[in-house]
Amino acid sequence: MSRIWIPRGELFPLVQVLIMHQVLFSGGDNMIRFLHTADWQVGMKARHVAPVAARVREARLETARRLMEIARERRLDFIIIAGDVFEDNQVDNKLAHQVVQILSLAALVPVYILPGNHDPLTPDAVYERRVFREGLAPNIHLLRTNQPVTVLPGVVLLPAPNRAKNSPEDPTEKMAPVPGGVINIGVAHGSLRIEGRYQSDDFPIPPEAAERRGLDYLALGHWHSFFQYGDRTFYPGTPEPTGFEERDSGTAALVTIEGYGAPPRVEKIKTGTLGWETWRQEVHGDPRETVRALKLRVEGLVSPGQTLLRLALYGRDTSGDQSWLKELRDWLEARLLYLDLDTTRLATQPLTPKLQNRARSQPFLRAAIADLAALARSLGQPLEDVENVADPGTSLDADLIDRILRAGIKPGDVREALGVLAEVVEEV
């Protein structure tokens, strides 16, 4: 391809961008390729993983930069962000400037931003600040109205910006009529009206909205997992996961449409910086084999230091010594970015050998164990192998037990108290 020289200053910057975009990226036919993303949630508090919240927030910006790189490297025609660039409209102004700077990295690739339900177009919207009103890079466009936007010859966006955090109204009803003979792309933020997956005030969208309105593609945001309905309706998922409960996130959609009326081809691409894993591991008897299996699994991760892990241990530990559990926790925390370890469903040998020996000669220990055993029986989960050590009499009367139970004590609390007692004995 021969190089085209355009004298600096002879064309307005926006015109330069449009001309160069057409010259460099147009394939000479009606085919278009664009990136569909949504739900960046920049500025999220991440209180559920408070110790690493700052790293989680920074990862969202890293992933946003990666999206801009993908658009440039693949020479895409444009980018659609279908709502919730920001966690809310109260984000720090410095963060707003950072996002604008990142969006400008797309260079010749236009970026179209739809206000979502987290960052709706209200009087106090982040999009009303000076950073979005003045001096935006020529490639950044905010979809403020329902008016059609021609992004390329023969390609029109039909936006439905959100103007509130919640609404029972279908946002696609406010889209402008579909122009004929061009590729029509609807852009909205809300929940498809699928039973069990939406709430009545969550901007409900009829599942058949794309077909009903004659859209070639309906670009949605709001659901954090990649989801397809029919041939023309897609959620791209959040490009950076926000929690452990998300099952198919850390993604974006690369969309190709051959021409007017052609079905879209959608490639799901992985974009996440951090990995969020949820594992369940059964413990059988001696826990050493469990520890070995978990270590192998962690070492098999691509980037353990960039992984947040929620690990639930269940089953039964008959070792009589829970020092392995502390050692495992220390090993995991040294390698992972974050660990959430749940042992509430792990049954352990209630009495360590040392505690059993001490209890036989110490009336105070026998009485304490008996009290715990009485509570466990009242909760319907008696402690195994305790009755032969505990003092048959208990200082807990029925009224006291009833008050303790009403306070919300659980079987796991009783077992944990016995474990603490065993640890004290081990240290003496």
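Fair warning: this is a prediction, and the values are worked out from it, not measured in the lab.
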Just wondering, do [Y] and [X] contact through their side chains at under 4.5 Å, heavy atoms?
| X | Y | answer |
| --- | --- | --- |
| Leu105 | Arg72 | yes |
| Leu143 | Pro161 | no |
| Val151 | Pro110 | no |
| Leu158 | Asn184 | yes |

Work out which heavy atom in Val298 is nearest to a heavy atom in Pro304; give both atom names and the distance.
O-CG, 3.6 Å
Closest non-hydrogen atom pair, Ile113 against Leu142:
O-CD1, 3.5 Å
Enumerate the residue pairs fulfilling ring-ring contact (aromatic ring centres under 6.0 Å, His included) with a member in residues 257-300, sequence neighbours excluded, ordered by first and then second residue.
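Residue pairs passing ring-ring contact (aromatic ring centres under 6.0 Å, His included), neighbours aside: His48-Trp276, Phe244-Trp276.
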For Arg144, check salt bridge (charged side-chain N to carboxylate O under 4.0 Å, His left out) against everything at least two apart and list the hits.
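By the salt bridge (charged side-chain N to carboxylate O under 4.0 Å, His left out) rule, Arg144 matches Glu128.
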Using atom types as modelled, flag every donor-acceptor pair under 3.5 Å from a side chain in residues 195-206 to any protein atom, sequence neighbours excluded.
residue	atom	partner	partner atom	Å
Asp202	OD1	His222	NE2	3.0
Asp202	OD2	Ser191	OG	3.0
Asp202	OD2	His222	NE2	3.0

Classify the ring geometry of Phe34 against Tyr217: parallel below 30°, tilted from 30° to 60°, perpendicular beyond 60°.
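Ring orientation of Phe34 relative to Tyr217: perpendicular.
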For residues 78-91, run the donor-acceptor check on the side chains, cut-off 3.5 Å, and write out each pair with its distance to 0.1 Å, sequence neighbours left out.
residue	atom	partner	partner atom	Å
Asp84	OD1	Asn117	N	3.1
Asp84	OD1	His118	N	2.8
Asp84	OD2	His189	NE2	3.1
Glu87	OE1	Gln41	NE2	2.8
Asp88	OD1	Gln90	N	2.9
Asp88	OD1	Val91	N	3.2
Asp88	OD2	Lys45	NZ	3.4
Asn89	OD1	Val126	N	3.0
Asn89	ND2	Pro120	O	3.1
Asn89	ND2	Thr122	OG1	3.4
Gln90	NE2	Asp124	OD2	3.3

What residue pairs, at least two apart or across chains, pass salt bridge (charged side-chain N to carboxylate O under 4.0 Å, His left out) with a residue in residues 260-279?
Arg74-Glu267, Asp248-Lys268, Glu258-Arg265
Residue pairs, two or more places apart or on separate chains, that pass salt bridge (charged side-chain N to carboxylate O under 4.0 Å, His left out) and touch residues 53-64
Arg55-Glu62, Glu58-Arg65
So that I can tick it off, tell me whether Glu289 and Arg292 are bridged by a salt bridge, with the cut-off set at under 4.0 angstrom between side-chain N and carboxylate O.
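A salt bridge is present here (some side-chain N lies under 4.0 Å from a carboxylate O).
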